[in-house]
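Since the structure comes first, as structure tokens, the remarks are kept for the end.
Bear in mind that the values here come from a model prediction, so they are computed numbers and not experimental data. Atom set for the values below is all heavy atoms of this structure, side chains included, hydrogens, waters and symmetry mates excluded.
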Amino acid sequence: MNVTVNELVDRVKVNMEELTDVREVDITMEVGIDIEQYIREKIPDALLAVWASEPVSSLPQVDCASSLRPKSRPDGSGRVVLPDDVWRMTEFCIEGWRQPVTTFIDHTSPMYELQFNPYTRGGVTFPVCIVSKEEGQKCLDYYSLPPYVEMHRVTTARYVAYPDRNATAYEISPSLIPAVCYTCAALVYEILGRFEQAAAMLRCIVR
């Protein structure tokens with residue numbers, strides 16, 4: 001569901017008014033605190049906070065398979081440079097694999113070192129993908145195809161992007177809109193140093 005930032009701002013304001021009397025709102029505006037600006041700044045952070053605990057099926061995904069250019073290595077592994085706005089990879093597959101990768105690891109995973117051994121690394125049946133950042137670029141190393149396969153082709157690549165902070169609207173699952181708005185209200189209250197109100201907003205979230 002496409003929801004405008006203005007709609008989200010209005011909903012967050014309503015949530016905050018549940019814990020704020022009229023007199024307090026007037027005082028806040030008199031001292032020059034622009035609540036609406038705080039809300040707008042915190043909406044992307046609220047989205048990420050909510051998305052972090054949600055299944056992939058409820059998140060907006062971007063298909064980038066056609067834009068990736070895999071660089072194969074002689075041992076059958078390879079690398080692709082990912083788009084800068086990747087927040088979370090959700091699916092990746094190279095032609096020749098029997099299944100896509102949907103769980104991605106990083107350098108801290110126990111499986112990381114296994115990828116440097118041809119007998120323990122991922123293969124066409126159980127491929128493995130490592131997401132990292134090197135020299136300012138987000139990269140995905142994949143393991144692997146048989147060494148004799150010279151041409152590698154990406155067949156599937158999907159990810160969840162960082163919310164654009166300049167966007168006028170966001171794609172949000174309808175069931176997550178209340179959680180996003182309450183989380184945003186909590187983040188704004190934290191900025192204002194009102195931690196009890198922030199905690200109250202988070203308690204309103206129904207999972």
Side-chain angles (χ1 to χ4, degrees), residues 1-67 82-92 100-104 106 131 133 138 140 156-207:
M1 178 179 177
N2 197 259
V3 187
T4 68
V5 171
N6 289 340
E7 289 176 299
L8 292 172
V9 169
D10 288 342
R11 292 190 62 151
V12 174
K13 283 182 175 179
V14 169
N15 291 347
M16 297 181 73
E17 287 168 3
E18 294 174 1
L19 296 181
T20 309
D21 61 32
V22 176
R23 185 178 61 83
E24 187 177 3
V25 173
D26 290 341
I27 293 173
T28 299
M29 297 308 296
E30 286 175 8
V31 298
I33 298 175
D34 187 349
I35 295 297
E36 182 169 321
Q37 184 59 36
Y38 284 164
I39 293 172
R40 290 180 182 276
E41 291 175 358
K42 285 301 178 181
I43 287 174
D45 297 326
L47 283 168
L48 291 180
V50 172
W51 288 349
S53 60
E54 292 297 320
V56 169
S57 59
S58 65
L59 308 183
Q61 298 181 54
V62 179
D63 189 330
C64 64
S66 61
S67 65
L82 298 173
D84 291 336
D85 64 344
V86 169
W87 174 64
R88 174 181 173 184
M89 287 298 299
T90 59
E91 188 173 3
F92 184 84
V101 170
T102 55
T103 300
F104 300 81
D106 59 22
V131 176
K133 190 170 185 178
K138 295 178 182 179
L140 183 150
T156 305
R158 283 193 264 277
Y159 69 95
V160 179
Y162 279 101
D164 181 356
R165 292 189 174 273
N166 297 316
T168 58
Y170 294 104
E171 188 66 29
I172 310 174
S173 172
S175 63
L176 299 183
I177 293 174
V180 170
C181 293
Y182 279 119
T183 301
C184 185
L187 293 174
V188 173
Y189 273 129
E190 288 178 357
I191 293 175
L192 299 175
R194 299 176 183 176
F195 301 108
E196 290 185 6
Q197 288 94 331
M201 288 290 97
L202 295 178
R203 287 195 294 270
C204 292
I205 299 174
V206 178
R207 295 292 187 182

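- Proximity of Lys42 to Ile191: side-chain heavy atoms (C-beta onward) are separated by under 4.5 Å at one or more points.
- Residues Pro163 and Trp51 approach most closely at CG-CZ3, 3.9 Å, considering heavy atoms.
- One finds the CG atom of Leu59 at 6.0 Å from the CZ atom of Arg88 (value rounded to the nearest 0.5 Å).
- With respect to Val5, the side-chain contact (heavy atoms from CB on, under 4.5 Å) criterion is satisfied by exactly one of Ile39, Asn166, Ile43: Ile43.
- Once rounded to the nearest 0.5 Å, the distance linking CD of Glu91 with CG of Asp63 reads 9.0 Å.
- Atom CD in Glu41 sits 8.5 Å away from atom CG in Asp34 (nearest 0.5 Å).
- Counting only heavy atoms from C-beta outward, the side chains of Pro44 and Tyr170 approach each other to under 4.5 Å.
- Annotation: the span from Glu36 atom CD to Asp10 atom CG amounts to 7.5 Å, rounded to 0.5 Å.
- For the side chain to side chain contact (heavy atoms under 4.5 Å, CB included) test, no residue two or more places apart in sequence or in another chain qualifies with Asp84.
- How far NZ of Lys13 is from SG of Cys184: 11.5 Å, rounded to the nearest 0.5 Å.
- Considering only heavy atoms from C-beta on, Met1 comes within 4.5 Å of Ile177 through its side chain.
- Scored by the side-chain hydrogen bond (donor to acceptor under 3.5 Å, both in side chains) test, Asp164 finds no partners at all (sequence neighbours excluded).
- A salt bridge links Arg165 with Asp45; the closest basic N to acidic carboxylate O contact falls under 4.0 Å.
- Ring geometry for Trp87 versus Tyr162: interplanar angle over 60°, hence perpendicular rather than tilted (30 to 60°).
- The side chain to side chain contact (heavy atoms under 4.5 Å, CB included) test applied to Ala186 returns Ala198, Met201, Leu202, not counting sequence neighbours.
- No donor-acceptor pair closer than 3.5 Å links the side chain of Tyr38 to the backbone N or O of Leu187.
- Side-chain atoms of Thr183 do not come within 3.5 Å of backbone N or O of Ala46 as any donor-acceptor pair.
- Under the 4.0 Å criterion applied to side-chain N and carboxylate O atoms, Glu7 and Arg11 are not assigned as salt-bridge partners.
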Check the pair Glu190, Phe195 against side-chain contact (heavy atoms from CB on, under 4.5 Å), reporting the backbone distance first and the verdict last.
CA-CA 6 Å; Glu190 288 178 357; Phe195 301 108; 4.3 Å; yes

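- At a threshold of 4.5 Å between non-hydrogen side-chain atoms, the residues Leu176 and Ser58 count as touching.
- Between Leu8 and Ile172, some side-chain heavy-atom pair lies under the 4.5 Å cut-off.
- Between Val160 and Gln61, the shortest heavy-atom distance links the atoms CG2-CG, 4.2 Å.
- Between Lys138 and Val131 the shortest side-chain heavy-atom distance does not fall below 4.5 Å.
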Please lay out, stage by stage, how Val101 and Met89 fare under the test side-chain contact (heavy atoms from CB on, under 4.5 Å).
CA-CA 10 Å; Val101 170; Met89 287 298 299; over 6 Å; no

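- Annotation for Met16 and Val188: closest pair CE-CG1, 3.7 Å, computed over non-hydrogen atoms.
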